[in-house]
Amino acid sequence: MQTTEPALEISDDKGRLDVPLIHRFLSEEAYWSPGIPYATVQRAINHSLCFGGYLAGQQVAFARVITDKATFGYLADVFVLPAHRGLGHSKALIAAILAHPELQGLRRLMLATADAHGLYAGFGFVPPARPENLMEKHDPEIYRRT
């Protein structure tokens, strides 16, 4: 018997975000941000376009876009809580993000993922055409030192 859940309600209202839940997931479960401080998560939320996914008023998903709302965006910190995975919530979240009025007309929307290439490919994301043109300054240990 397959379990079904109601449709995910997606909102860009930062006032609804459960910041302790987001911090707990990012600092303890996400491979990309172990140990991230609460204040850093709050600052990132303050300066991003954020999306919460809700079931019966409880947050079960999150994503944020760092963007100038004109030419460029970077999709980050996308997650669905483990108990709610496999039910299409991540697809609903990404679809809502891509349809958001403030993200229309961007020349480039980027992201990094270690394990969700199939999800993002379904929305038109592809590896960079010229990865040799991309550079990064990456410090994966930064949260462990602060």
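Separating the CD1 atom in Ile66 from the CG atom in Leu111 is a distance of 10.5 Å, to the nearest 0.5 Å. Considering CG of Leu26 and CD1 of Ile45, their distance stands at 8.0 Å, rounded to 0.5 Å. Rounding to the nearest 0.5 Å gives a distance of 7.5 Å between CG of Leu98 and CG of Leu75. Remark: Ile22 CD1 to Arg64 CZ distance equals 10.0 Å, nearest 0.5 Å. The distance from atom CD1 of Ile10 to atom NE2 of His100, rounded to the nearest 0.5 Å, is 11.0 Å. The distance from the NZ atom of Lys14 to the CG atom of Leu49 is 7.5 Å, given to the nearest 0.5 Å.
For Tyr31 (side chain) and Ala114 (main-chain N/O), a donor-acceptor pair under 3.5 Å exists by modelled atom type. Using a distance-only test at 3.5 Å, with no hydrogens or angles considered, no donor-acceptor pair links the side chain of His23 to the main chain of Ala39. Within the 3.5 Å criterion, the main-chain N or O of Leu106 finds no donor-acceptor partner in the side chain of Thr71.
In this structure the side chain of Leu8 never reaches within 4.5 angstrom of the side chain of Leu87, judged on heavy atoms. With contacts defined as side-chain heavy-atom distances shorter than 4.5 Å, the pair Val78/Phe51 does not qualify. Between Ser27 and Tyr38 there is no side-chain heavy-atom pair separated by less than 4.5 Å. Using a 4.5 Å heavy-atom threshold, the side chains of Val80 and Phe25 count as separate.
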Review point. side-chain contact (heavy atoms from CB on, under 4.5 Å) between Leu119 and Lys91: does it pass, once the steps are laid out?
Key: CA-CA 7 Å; Leu119 168 67; Lys91 290 179 184 174; 3.7 Å; yes
Check your understanding: So Trp32 and Thr113, side-chain contact (heavy atoms from CB on, under 4.5 Å) or not? Walk me through it.
Key -> CA-CA 9 Å; Trp32 62 88; Thr113 185; over 6 Å; no
Check your understanding: His89 and Leu55: side-chain contact (heavy atoms from CB on, under 4.5 Å), yes or no, with the steps?
Key -> CA-CA 10 Å; His89 298 322; Leu55 293 171; 3.8 Å; yes
Exercise for review: Verify side-chain contact (heavy atoms from CB on, under 4.5 Å) between Glu102 and Val65, making sure each step is shown before the conclusion.
Suggested key: CA-CA 11 Å; Glu102 293 184 67; Val65 179; over 6 Å; no
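The two residues Tyr143 and Pro37 have their closest heavy-atom pair at CD2-CD, 3.5 Å. Smallest separation of non-hydrogen atoms from Pro128 and Pro131: O-CD, 3.3 Å. Residues Arg16 and Gln59 approach most closely at O-OE1, 4.3 Å, considering heavy atoms. Scanning all heavy atoms of the two residues, the minimum distance from Phe125 to Leu109 falls at CE2-O, 3.5 Å. Here the closest non-hydrogen pair linking Ser11 and Tyr54 is CB-CE1, 4.0 Å.
By the 6.0 Å contact criterion, CD on Gln58 is open, its count of non-hydrogen atoms from other residues, nucleotides or ligands being 12 or less.
Partners of Phe123 by ring-ring contact (aromatic ring centres under 6.0 Å, His included), not counting sequence neighbours: none found.
Taking the six-membered ring for Trp and thresholds of 30 and 60 degrees, Phe62 and Phe79 have ring planes inclined between 30 and 60 degrees apart.
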